[in-house]
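Below is one structure, written out as structure tokens; comments come after it.
In what follows, every chain begins at residue 1, and chains take the letters A, B, ... in the order their sequences are listed. Computed from a predicted model, the values in this text were never measured in an experiment.
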2 protein chains.
Amino acid sequence: MSPAEQPQPRSTADVRRPTLNAVDVRRPTLNAVAARAGVGRGTVSRVINGSPKVSDRSRAAVERAIAELGYVPDRVARSLATRRTDTVALVVPDAENRLFSEPYFSGIIRGVSAGLTGAGMQLLLVLTGDAWERDRLAGYLAAQRVDGVLMMAVHGDDTLPDRLEELAVPTVLAGRRGDREGLGHVRADNRGGARLAVRHLLAAGRRSVATITGPLDMDVARARLDGYREALREAGLTVEEDLVAQGDFTEEGGRAAMGELLRRRPDLDAVFAASDVMASGAVPALRTAGRRVPGDVALIGFDDSVVARHIDPPLTSVRQPLEEMGRAMAALLLEEIAQRGSGKRGVVLPTELVVRESA
Amino acid sequence: MSPAEQPQPRSTADVRRPTLNAVDVRRPTLNAVAARAGVGRGTVSRVINGSPKVSDRSRAAVERAIAELGYVPDRVARSLATRRTDTVALVVPDAENRLFSEPYFSGIIRGVSAGLTGAGMQLLLVLTGDAWERDRLAGYLAAQRVDGVLMMAVHGDDTLPDRLEELAVPTVLAGRRGDREGLGHVRADNRGGARLAVRHLLAAGRRSVATITGPLDMDVARARLDGYREALREAGLTVEEDLVAQGDFTEEGGRAAMGELLRRRPDLDAVFAASDVMASGAVPALRTAGRRVPGDVALIGFDDSVVARHIDPPLTSVRQPLEEMGRAMAALLLEEIAQRGSGKRGVVLPTELVVRESA
DNA sequence: ATGCCGCGTGGGAGCGGTCCCACGGGGTGA
DNA sequence: TCACCCCGTGGGACCGCTCCCACGCGGCAT
């Protein structure tokens, strides 16, 4: 059960497989193309890679041969020679159910995919399970020779990014671990988004605005809380700590936090929840306490997720530009791959308030 | 814009990249291990692959050397030699927003991932865009030398699976194209699930049970409609065609179909929608018509998706064993890879009725 | 005319594994 | 004692590309 003392190869993966009866459908090789075109291998390689140092005659001959043979270069062989795989791993913690069912993951992933395939790169999806597996991951990724790694949902104490850095594997994170993240990362303007939400509540005349935060060891959660505070200060209000309750980004956590807030401050007239899911937990808690939404208490969430549209009442929420975030991650990673060090920036993308009926 | 006449290589992907400044962190090679252990390369290879024909002395020496050097075999080099990549591509049509935001995709993918990594295989995620891209895909996948392909959301007229079969690439589908799918595939017992739903409605005393179907060129949609019919016949009722309206698996489609049904049969007292999303569209249509759910009209959906839990009232729905389906797909594909032909079966997994408040 | 430069060009030498053939040595049977 | 086996073992020959060096050839300056 416990990991072996030595990092000995795990047998499951390495045991020789029984006679893979590979139906050997061999595709034409670069050699075949060279022969057919009556040129050397070098020339074919040059044509394929778009080198300018090829005569028009040779190039034409090669291109014809390629077309006739239906040749497609073998990426594996190329990778072995170039020490480059044109492959990027997307690492997602398996535990984060949340990520999958929300548009968060899907939006980012399609942005990533678009940005990557446009550059001829492919995406390796890696769901990591337990901590041990995650520990092995760095070596594993190095063995894959992936050109880079994208990581979602990194926690503050996650060491994987550091280990990747040691191994000189270009890495870009979705979100950051702390406020001075050393690695390249892309995130939404969480603070600004929270500010938008709270301003909206204040503009509607609400005066006792509470907030349900995420776990405060997460940067997103802190940033959204900061935004909440800033908006209050902007308006000349003082931040009252008993209007702040901590949740954990789950529905149940939202319910509990809402109950707590109502107990502490029966006079509250608005709530900014740091996620839609927590907001969806807050709604029944409010109902139980006999408060109408938005009549008695206005409510705003964050993420603009599926539940926001289907909850009753439809939830006003802060939207993150997910697909763009994915695109930005891809771009940043490609930069870093092309030139080390150049992609180690933090990119912040603007958020937007989507007004529905809850506030 | 239009595809070139000849399959000439697309430049974007093939242009030589500018001096990849690969920080050459070379990992130890099998050769290094052999030298250190004082044995030949062949012996190291045998140890790694768990061959029994190695003396205990050699094995121990090699294992020590591996541990000391932190050696991890290079998959790329191995692939080149074995003509096997231990990689499987998961092909998902990019257009299917639906897939991503619903637990459908996420459930299946994690099952797939679990089943695959357990066997030491990795997952290449391929989102396909337009038809042209999809056309190129077969060749592309062959060039990747993926060991197999998993496809989600195949339409009846999709030719990609056939082309993969021509190329002798093991393939497994999520769902089937028609009722005699030639390829290996895994699906939920859609008919049975629909039957469960309709039986539940009938058992509750409903007598005019309508249904909102999916697009009937899709096998899932037909299967669910069949189940609806069967349940009615079982109960000795005749299937009335004006109680059947076609939707398209979208919310808006559900709304329209519901409107249509109410117009045709104001007396209906129950609806089985072939997806939760369509059911979520049906709800407002019912409200508009002044019907209470479930008071006047009972409603059941399919998929047990996120919206089912958050809609008002919470939706009774049919759940598919998504993770198991993913696992089954992985298993089937591994079978097919190990022995061609053995994995070309159809696996059907049972569904389950999740009773909430709408029926 | 001779030298020199530079442009294509061919092809050897890897990249890091696997596969398999041939070989040495100890045990067995005649 | 000698032939015969069989078990481990070493290492050459690939897998299909890229990289780069060296070479031939035509054109220009001397």
Side-chain angles (χ1 to χ4, degrees), chain A residues 9 13-20 22 24-35 37-62 66 69 71-86 142-145, chain B residues 9 13-20 22 24-35 37-62 66 69 71-86 142-145:
Chain A
D14 288 329
V15 160
R16 186 167 305 208
R17 289 205 178 58
T19 51
L20 169 78
D24 231 321
V25 196
R26 302 237 172 168
R27 296 177 299 110
T29 71
L30 175 142
N31 241 315
V33 174
V39 300
R41 297 179 354 260
T43 302
V44 177
S45 177
R46 264 160 273 184
V47 170
I48 292 173
N49 293 296
S51 157
K53 343 193 67 181
V54 183
S55 68
D56 291 344
R57 226 171 55 76
S58 300
R59 165 166 289 115
V62 169
I66 287 180
L69 266 48
Y71 169 74
V72 185
D74 185 321
R75 287 185 91 136
V76 174
R78 185 188 293 211
S79 292
L80 184 58
T82 55
R83 311 190 53 73
R84 204 203 319 134
T85 52
D86 289 352
Q144 305 310 304
R145 282 202 188 159
Chain B
D14 288 329
V15 160
R16 185 167 307 206
R17 288 202 179 60
T19 51
L20 169 78
D24 231 321
V25 194
R26 302 234 172 170
R27 297 177 300 110
T29 70
L30 175 142
N31 243 312
V33 174
V39 301
R41 298 181 351 261
T43 302
V44 177
S45 177
R46 266 165 291 218
V47 170
I48 292 173
N49 293 297
S51 156
K53 342 192 70 183
V54 183
S55 67
D56 291 345
R57 227 171 55 78
S58 300
R59 165 165 291 115
V62 169
I66 288 180
L69 266 48
Y71 169 75
V72 185
D74 186 318
R75 287 185 90 136
V76 174
R78 184 186 288 200
S79 292
L80 184 58
T82 55
R83 312 190 52 72
R84 203 205 318 136
T85 53
D86 289 351
Q144 303 310 303
R145 282 197 185 166

Looking at the side chain of B:Asp74, which of D:dC17, C:dG8, C:dG16 is the nearest nucleotide? C:dG16

I'd like to check B:Val39 versus B:Arg59 (side-chain heavy atoms, cut-off strictly below 4.5 Å). Are they in contact? no

Quick one: OG on B:Ser55 to CZ on B:Arg46, what's the gap to the nearest 0.5 Å? 10.0 Å

Testing C:dG12, C:dT9, C:dG14 for proximity to the side chain of A:Ala81, the answer is C:dG14

B:Ser45 side chain near C:dG17 phosphate (N/O to OP1/OP2, under 4.0 Å): no

Which nucleotide in the list C:dT18, D:dG10, C:dC15 gets nearest to the side chain of B:Thr82? C:dT18

Do any side-chain nitrogens or oxygens of B:Ser58 fall under 4.0 Å of OP1 or OP2 in D:dT9? yes

For A:Arg145, which contact category applies under a 4.0 Å heavy-atom criterion: base, sugar-phosphate, or nothing? sugar-phosphate

Candidate nucleotides D:dT9, C:dG10, D:dT18, ranked by approach to the side chain of A:Leu30 - the nearest: D:dT18

Just wondering, do A:Val72 and A:Arg27 contact through their side chains at under 4.5 Å, heavy atoms? yes

Where do A:Thr29 and A:Asp74 land on the side chain to side chain contact (heavy atoms under 4.5 Å, CB included) test, with the steps shown first? CA-CA 8 Å; A:Thr29 71; A:Asp74 185 321; over 6 Å; no

Between C:dG16, D:dT9, C:dG11, which one does the side chain of B:Val54 approach most closely? D:dT9

Intermediate values then yes/no, side chain to side chain contact (heavy atoms under 4.5 Å, CB included), A:Leu30 and A:Ile48: CA-CA 10 Å; A:Leu30 175 142; A:Ile48 292 173; 4.0 Å; yes

Expressed as a whole number of angstroms, how long is the span from A:Arg84:CZ to C:dC15:C1'? 13 Å

Looking at C:dT18, C:dG16, D:dT9, which one has an atom nearest to any side-chain atom of A:Leu80? C:dG16

Contact between A:Arg145 and B:Arg75 at the side-chain level, heavy atoms closer than 4.5 Å - yes or no? no

Quick one: A:Asn49 CG to D:dC19 C1', roughly how many Å, whole number? 11 Å

Where do B:Ser79 and B:Thr85 come nearest, in terms of heavy atoms and distance? OG-CA, 3.4 Å

Whole-Å distance, B:Ile48 CD1 to C:dG17 P, equals 7 Å

By nearest-nucleotide position on DNA chain D, the 5'-leaning member of B:Ser55 and B:Ala77 is B:Ser55

Just N and O in the side chain of A:Ser79: are any of them under 4.0 Å from OP1 or OP2 of C:dC15? no

Ignoring backbone atoms, test whether B:Thr29 places a side-chain nitrogen or oxygen under 4.0 Å from the OP1 or OP2 oxygen of C:dC15. no

Is any side-chain N or O of B:Arg83 under 3.5 Å from a base N or O of D:dG16, one able to act as donor and the other as acceptor? no

Can you check whether B:Arg41 has a side-chain N or O nearer than 4.0 Å to OP1 or OP2 of D:dG11? no

Counting the atoms with a prime plus P, OP1 and OP2 as sugar-phosphate, which does A:Val76 contact under 4.0 Å by heavy atoms, base, sugar-phosphate, or nothing? nothing

As a check of understanding: the bend across the helix from C:dA1-D:dT30 to C:dA30-D:dT1, end axes from five pairs, rounded to 10 degrees, works out to 50°

Heavy-atom pair of closest approach, residues A:Pro73 and B:Ala143: O-CB, 3.8 Å

Please give, in whole Å, the distance from C:dT9 P to A:Asp56 CG? 9 Å

Starting from C1' on C:dG6, measure out to NZ on A:Lys53 and report it in whole angstrom. 9 Å

Counting just side-chain N and O atoms, does A:Asn31 come under 4.0 Å of either OP1 or OP2 of D:dC17? no

When only distance counts, do a donor and an acceptor, one from the side chain of B:Arg46 and one from the base of D:dG10, lie under 3.5 Å apart? yes

